[in-house]
Amino acid sequence: MKIVISLGGSLLYPLNEEYIRLVANFIKTCKEELYIVTGGGKIAREYIKMARKFGAGEQYLDKIGIAVTRINAMLLASFFKKRIPCTIGAASKMVPPVIMGGTTPGHSTDAVAAMLARKVKADLLIIATDVDGIYDKDPKKYRDARLYKKIHVNELLRLAGGGWRKAGENVIVDAIACRVIKRARIKSIVLNGSNLKQLENAIYGKQFIGTEIII
Ligand code: UTP
């Protein structure tokens, strides 16, 4: 099976050596063809916020974000002595496991993961984040937030708003990613990546805690 995993930057930074080692080991021992796209997380947003104060334009800010996602990819790729591709085309030609960060301005790494899943005809796209899935409201702010077991991609699109708004913006799954998932009919799941058992359960069709995106 081909599996693309969007690994949220929040899982990697602040640098968590134990977790990064576990992920590397998971990648090494997994029998499936894995493609991992690392996010930028809080550190990307901090750089973007400051550069925005300094007057940088949106494209430039996105490029700062991309640089951070690539640093995260390079860190994880150090275990594999492999270069990280910078484009979907290059990634699709490599032998898995493939680890990469962002590509071009105008979207998040979730969108990169969705585009890569479309390109390699992946069996599954997993969006791994630091909460258990998609909620009706922010679970970090509201204790009574309800986790969706399933959500229709159109509802997700509505939550994500029209398109790409600004660099570092923190939406659940950005609209570009939603559209790719919808058009290419990619089987997609959002779950908590800090629990690798959940990731494994999702890959092997077992019960898992998370949200399935209905197309
Ligand atoms: P992320 O994918 O980390 O964005 O990229 P995010 O929405 O903050 O995701 P989480 O929190 O890790 O899940 C960080 C920023 O880098 C730019 C965007 O500005 C994005 O907000 N970026 C990233 C791009 O412009 N293109 C890419 O391909 C990737």
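Fair warning: this is a prediction, and the values are worked out from it, not measured in the lab. Remember, it's 1-based here, ligands and their atoms both numbered in the order they're listed. Counting from 1, the numbers follow the sequence of the chain as shown. Hydrogens, waters and symmetry mates play no part in the numbers below; they use all other heavy atoms, side chains included.
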(message) Under a 4.0 angstrom heavy-atom cut-off, which atoms of ligand 1 come close to Gly39?
(response) 3 (O), 12 (O)

(message) Check contact between Arg45 and ligand 1, using heavy atoms of the residue and a distance below 4.0 angstrom.
(response) yes

(request) Would you mind listing which atoms of ligand 1 come within a distance below 4.0 Å of any non-hydrogen atom of Gly41? (result) 3 (O), 12 (O)

(request) Looking only at distances, please establish whether an N/O atom of ligand 1 is found under 3.5 Å from an N/O atom of Ser10. (result) no

(request) Run down the list Met100, Glu58, His107, Arg70 and name the one with the heavy atom closest to atom 27 (C) of ligand 1. (result) His107

(message) Using a 4.0 Å cut-off to any heavy atom of Gly9, which atoms of ligand 1 qualify?
(response) 12 (O)

(request) Indicate yes or no: does Glu200 engage Lys206 in a salt bridge with an N to O separation below 4.0 Å. (result) no

(message) Within the 4.0 Å heavy-atom shell around Pro105, which atoms of ligand 1 are there?
(response) 25 (O)

(message) Between ligand 1 and Val112, is the shortest N or O to N or O distance under 3.5 Å?
(response) no

(request) Any atoms of ligand 1 less than 4.0 Å from a non-hydrogen atom of Thr103? List them with their elements. (result) 27 (C), 28 (O)

(request) May I ask you to check if ligand 1 and Thr104 share an N or O to N or O distance below 3.5 Å? (result) yes

(message) If the cut-off is 4.0 Å to any non-hydrogen atom of Gly106, which atoms of ligand 1 fall inside it?
(response) 25 (O)

(request) Check the surroundings of atom NZ in Lys53: do more than 12 heavy atoms from other residues, nucleotides or ligands lie under 6.0 Å from it? (result) no

(message) Measuring from non-hydrogen atoms of Ile66 to any atom of ligand 1, is the shortest distance under 4.0 Å?
(response) yes

(request) Heavy-atom contacts with Gly102 under 4.0 Å: which atoms of ligand 1 show up? List them by number with element. (result) 27 (C), 28 (O), 29 (C)

(request) Pull out every atom of ligand 1 sitting under 4.0 Å from any heavy atom of Thr69, numbered as shown with elements. (result) 5 (O)

(request) Decide if atom NZ of Lys28 counts as having more than 12 heavy atoms of other residues, nucleotides or ligands within a radius under 6.0 Å. (result) yes

(message) Around atom OH of Tyr60, are there more than 12 heavy atoms from other residues, nucleotides or ligands closer than 6.0 Å?
(response) no

(request) Could you say whether the N/O atoms of Gly8 and ligand 1 ever approach to under 3.5 Å? (result) no

(message) One residue to check: Ile64. Relative to ligand 1, which of side chain, backbone, both or neither has a non-hydrogen atom less than 4.0 Å away?
(response) neither

(request) Indicate yes or no: does Glu155 engage Arg158 in a salt bridge with an N to O separation below 4.0 Å. (result) yes

Show which side-chain atoms of residues 30-39 pair as donor or acceptor with protein atoms under 3.5 Å away, not counting sequence neighbours.
{"residue": "Glu32", "atom": "OE1", "partner": "Met1", "partner atom": "N", "Å": "3.0"}
{"residue": "Glu32", "atom": "OE2", "partner": "Tyr204", "partner atom": "OH", "Å": "3.0"}
{"residue": "Thr38", "atom": "OG1", "partner": "Thr69", "partner atom": "O", "Å": "3.0"}
{"residue": "Thr38", "atom": "OG1", "partner": "Ala73", "partner atom": "N", "Å": "3.1"}
{"residue": "Thr38", "atom": "OG1", "partner": "Met100", "partner atom": "O", "Å": "3.4"}

(request) Give a yes or no on this: more than 12 heavy atoms of other residues, nucleotides or ligands lie within 6.0 Å of atom CD of Glu46. (result) yes

(message) Counting only heavy atoms not in Lys2 (residues, nucleotides, ligands), do more than 12 fall under 6.0 Å from its NZ?
(response) yes

(request) Using a cut-off of 6.0 Å, state whether more than 12 heavy atoms not belonging to Lys82 lie near its atom NZ. (result) yes

(message) More than 12 heavy atoms of other residues, nucleotides or ligands under 6.0 Å from CZ of Phe208: yes or no?
(response) yes

